[in-house]
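Protein chains get the first letters and strands the later ones, always in sequence-line order, with residue 1 at the start of each.
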Amino acid sequence: MLITLLCCIALNTGVGSYDIDVVDVWQVLVGASSNTQHQTVVWEFRLPRSLVAVFSGALFALSGTMLQSFTRNALADPSLIGISQGASLAVVTLVVVFPELGGYWREFSAFFGSLVVAVLIRIFAGQGGSLKFILMGIGVAAFISALTQAMLTYGDIESAMSALTWLAGSVNSATWSDVSMLGGATICLLVIYVALSRVLSPLALGNEAATGLGVNHFWVSNTQLITAVLAAALATAVVGPLGFVGLLSPHLTRAFIKTGPAFFLVLTAFVGGLLVLVADLIGRTLFAPIQLPAGLMTSILGAPIFIALMMKGSANG
Amino acid sequence: MFMAGVTFAFPLTIEHKYGTTVIEKKPERVATVDYNGVDNLLALGIQPVAIRYWYGEDELGVWSWAKPKLMSTPALLKGDLNYEQIAATHPDVIIAIWSGITKDDYDKLSKIAPVVAVPEGTGDYSMPWDEQALTVGKVVGKEHEAQNLIDGIRQKLSDIAAAHPQWANKTVAIANRWQDSVGAYTSFDIRPLLMAELGFRTPKAIDAAIDANEFWVTFSMEDLSPIDADILMWVTSTDDYTTILEIPARPFLTVVKQEREIFLGAEVTGAFSFASLLSLDYAFEKMIPMIESALGESSGTVENKE
């Protein structure tokens, strides 16, 4: 899996609208190239883009996995239960109402928006079953999408246009600071989740059973929820709401391999990263030099893969 | 206004909303990420190495008024800005004054070549046509030529106005259908601004409908009275006017009953929207007879004078 991922990063770094042959790309990477144009293209355009794709994919995947575990429902995904929509609404509001604010405000408002949504759903759903949580989430998601649309209509054309570009989900303007932030978040979450993974298996048996086995259900589930929100919000803030990655990655991983929860989480993160990377690679090369936003490609690719996966699953079952 | 800054010494320093850009020497290879950017460069005799597609039937998005001047095949930028594609054209300078680039875009583009962005306080698409032309002129070291062309267009506009004193203070509403409402340009937009040079005014009811400096405002289909002006000018991206003819309340407007409507059509609308050194001449040449006949005047006055 790691090798596949590295190969894809290499491929994504090796091809593009600027014609550089593989040898030159390698020379740039090892610092042996004196061609400044090549250095710019590889270091400033291709690498940050590839890495942002991988890390945002990984974060969406981890968020999806945690939400599915938290709700004990295979349907859960940050964009299904309103977490991505909360982030979108907050960012669109920021872009339309305070267009002069830049920097980390976007990440901050995305996290804040998602968290408010998650807390609201949590309160509304109460101690009810996880299905109630998901149904609440779907309702809230629809409500928030409507608010976002209203915000786009209300805002002036120029800021609405820049908000729309972001909503399409793109890794085009990825920077190194995005890379370090998403990368750091991915590693932190992986560490937390691997540490948590020991208690995840008993949780899958149900709350009562898990408590009986000595799991502090309250702390574990809240950690799951908050980190899932954080992961989705950070990734959304940088690349926009990418469809399907959070839902698809855990299912795809499960279809390929049966393993313990710790390794499963790491693998899912890889699968998520790979999905977005491949989506970007195809989006960039299919109609080159015209680029399709990665958000569009994850949905175009993700939906058929998901359906195929489900059909295969039902054939076996 | 007259021959401002005749010395165009490089290095040229330009202040803009993303910082300061220094252009060391007169650029040879010029890239533009502006949707209307190809026109002004061609007008100044520069063959750009990269241009941005906006809209239109032409595969390069270069319209009839500019096409004959295009001698090369520039890289065509479509959709999201593809930085690599721009880098591959090895530009000496990148012009971005009508492009909506973000700070991130600016930072990336600056790694390729010096980037000229809009001044602080100017909206992404609100730099006036003459300022756009003059900025391009400065950047490519042809400020004098740019100023001459601008003066030429101004002169033509004032000649037209002088030949039609009866146009002074007449109102013109410049409108389009947008989904389920009808929109009109306010007096902050380039189109009414140019019409004002000919003596026309924007109806007060249109400007009264905005609260700041928006250039466009929409009205409900149920009450079109704000656009019931001395002239109602429709701008469209096609030559098919069905969506406008179908507006239920349109036949009840006085301006429609008295046949003082103008349908500009795709080509003239495009020329008006590009608002470039090449397109404005074209736009007014086509528009003047339309205005004259809408107001029931004998057409051809301007052509006869020249």
Side-chain angles (χ1 to χ4, degrees), chain A residues 13 15-20 35-46 48-49 52 95 99-103 106 153-166 168-178 238 240 280 283-285 287-296, chain B residues 17-18 35 50-53 59 61 74-91 98-113 118 120-127 178-181 183 185-186 188-189 210-218:
Chain A
T13 313
V15 300
S17 308
Y18 191 106
D19 219 1
I20 312 180
N35 187 324
T36 49
Q37 281 283 12
H38 287 184
Q39 284 172 0
T40 307
V41 169
V42 174
W43 280 110
E44 299 297 338
F45 301 157
R46 289 189 191 164
R49 184 185 184 122
V52 161
V95 171
E100 67 281 357
L101 290 177
R106 189 178 269 193
T153 318
Y154 159 81
D156 72 57
I157 296 177
E158 288 178 13
S159 13
M161 266 169 59
S162 103
L164 275 177
T165 316
W166 174 80
S170 173
V171 293
N172 195 31
S173 49
T175 63
W176 279 107
S177 70
D178 295 336
V238 175
D280 182 44
R284 234 152 51 84
T285 47
F287 298 109
I290 302 168
Q291 316 183 73
L292 296 177
L296 211 67
Chain B
K17 72 170 177 178
Y18 297 130
Y35 291 101
I51 60 173
R52 188 90 176 258
Y53 180 86
E59 58 178 5
L76 185 64
L77 310 171
K78 256 182 165 176
D80 269 357
L81 275 182
N82 184 339
Y83 310 114
E84 286 189 29
Q85 191 191 2
I86 300 169
T89 66
H90 304 287
W98 214 70
S99 64
I101 58 163
T102 61
K103 178 79 171 81
D104 283 346
D105 291 328
Y106 174 79
D107 290 341
K108 294 253 171 182
L109 291 173
S110 295
K111 305 232 161 74
I112 304 171
V118 294
E120 187 72 54
T122 302
D124 284 341
Y125 305 101
S126 59
M127 191 188 259
W178 174 250
Q179 292 167 355
D180 278 336
S181 49
Y185 290 101
T186 71
F188 291 100
D189 181 74
I210 52 170
D211 28 52
N213 56 350
E214 291 91 347
F215 64 84
W216 167 261
V217 63
T218 54

> Please walk me through it: do A:Thr175 and B:Asp107 pass side chain to side chain contact (heavy atoms under 4.5 Å, CB included)?
Replying inline: CA-CA 9 Å; A:Thr175 63; B:Asp107 290 341; over 6 Å; no

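- Contact of the A:Phe45 side chain with the B:Ile112 side chain is registered, since non-hydrogen atoms from C-beta on lie closer than 4.5 Å.
- Between B:Tyr83 atom OH and A:Arg46 atom CZ the span is 14.5 Å, to the nearest 0.5 Å.
- Taking a 6.0 Å sphere around CH2 of B:Trp178, one finds it holds 12 or fewer heavy atoms contributed by other residues, nucleotides or ligands.
- The two residues A:Asn172 and B:Leu81 come nearest to each other via the heavy atoms ND2-O, 2.7 Å.
- At a 4.5 Å heavy-atom cutoff, B:Lys103 makes no contact with chain A through either its backbone or its side chain.
- Side-chain contact between B:Gln85 and A:Gln291: absent, with no pair of heavy atoms (C-beta onward) separated by less than 4.5 Å.
- By the 4.5 Å heavy-atom criterion applied to side chains, A:Ile290 and B:Asn82 are not counted as neighbours.
- The two residues A:Glu44 and B:Lys108 make their nearest non-hydrogen contact at O-NZ, 2.8 Å.
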